[in-house]
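A short write-up of the structure that comes next.
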Amino acid sequence: MAPDYVIDPAPRPGVPVHGGGVFPVRRIFCIGKNYVDHVKEMGGDAKSDPPVFFTKPPDAVVESGAVIAYPQATENLHFEGELVIALQGSGKNLKDRHEAGALIFGCACGCDLTRRDLQAAAKKAGAPWDSAKGFDQSAPIAPIARIADVPPDALDDARLVTSVNGDVRQDEALSAMIWNVPEILMGLSKLFELRAGDLIFTGTPAGVGPLRPGDNVSVEIGPLPALTFSIGREHGKD
Ligand code: MN
């Protein structure tokens with residue numbers, strides 16, 4: 001029997017799959033500080049500052065092609081182009097890359113939109129990053145490519161390229177990740193039981209920067225469908 005909900009339940013967030021279908025999103029995990037040169041540009045040292053995990057709410061996903069309103073409460077919205085992994089299975093305390101690989105449904109180009117001013121304030125205060133990272137529409141993501149459709153090793157040699165208004169701003173090999181994808185899944189699975197429907201943003205390389213209303217952003221990774229979106233006016237402002 002359907003629950004007697006006292007308000008309308010929110011629709012389940014989803015991401016289109018390349019070739020058809022919709023991937024239902026359960027949770028969004030993100031990795032920070034996963035490329036040496038990005039850690040450096042943020043004023044850190046990757047040797048003493050290892051990657052970290054944080055989350056975004058599932059309904060932060062936005063489909064490719066969208067116009068994303070410039071978010072409230074920031075003067076410094078940043079782009080972070082990232083490879084996103086979509087999971088089809090469950091697992092905790094994963095032991096090796098084979099166990100980790102079996103969980104992967106597919107992968108996609110994504111962008112971890114960040115209110116950099118709020119993140120800087122949170123870092124200074126030793127406070128959580130939720131306001132900086134987990135805001136509405138903060139997770140644009142391209143259609144997900146099924147892993148079976150991605151040529152073997154195609155991602156090993158791929159570069160992640162983020163452009164703003166046609167200018168390349170980030171261009172780095174995925175192989176430059178500090179924790180590679182199996183290591184990310186193994187690490188996450190020691191903290192959480194990973195489940196089908198989980199998305200994982202795997203971190204951004206150097207070159208992050210601010211966005212303004214009217215900017216057009218693209219994130220491309222090798223053979224994956226590209227992500228494009230643009231920034232619109234802030235809600236309630238001319
Ligand atoms: Mn990020």
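Just so we're clear, the structure is a prediction, and the values are computed from it rather than from any experiment. The first residue of the sequence shown is numbered 1, and numbering continues consecutively from there. One-based numbering, in listed order, for ligands and for the atoms of each.
- In this structure, the separation between OG1 on T114 and CG on L211 is 10.0 Å, given to the nearest 0.5 Å.
- When side chains are defined from C-beta on, S218 counts as touching E220, because their heavy atoms get closer than 4.5 Å.
- Residues passing the salt bridge (Lys or Arg N to Asp or Glu O under 4.0 Å) test with R116 are E80, sequence neighbours excluded.
- Distances from the Mn ion (ligand 1) under 2.8 Å pick out these protein N/O/S atoms: E80 OE1, E82 OE2, D112 OD2.
- With F105 as the aromatic partner, R146 does not meet the cation-pi criteria of under 6.0 angstrom to the ring centre and within 45 degrees of the ring axis.
- Using a cut-off of 4.0 Å between Lys/Arg side-chain N and Asp/Glu carboxylate O, K40 and D45 are scored as not salt-bridged.
- You'll find the side chain of F229 reaches within 4.5 Å of the side chain of L113, heavy atoms only.
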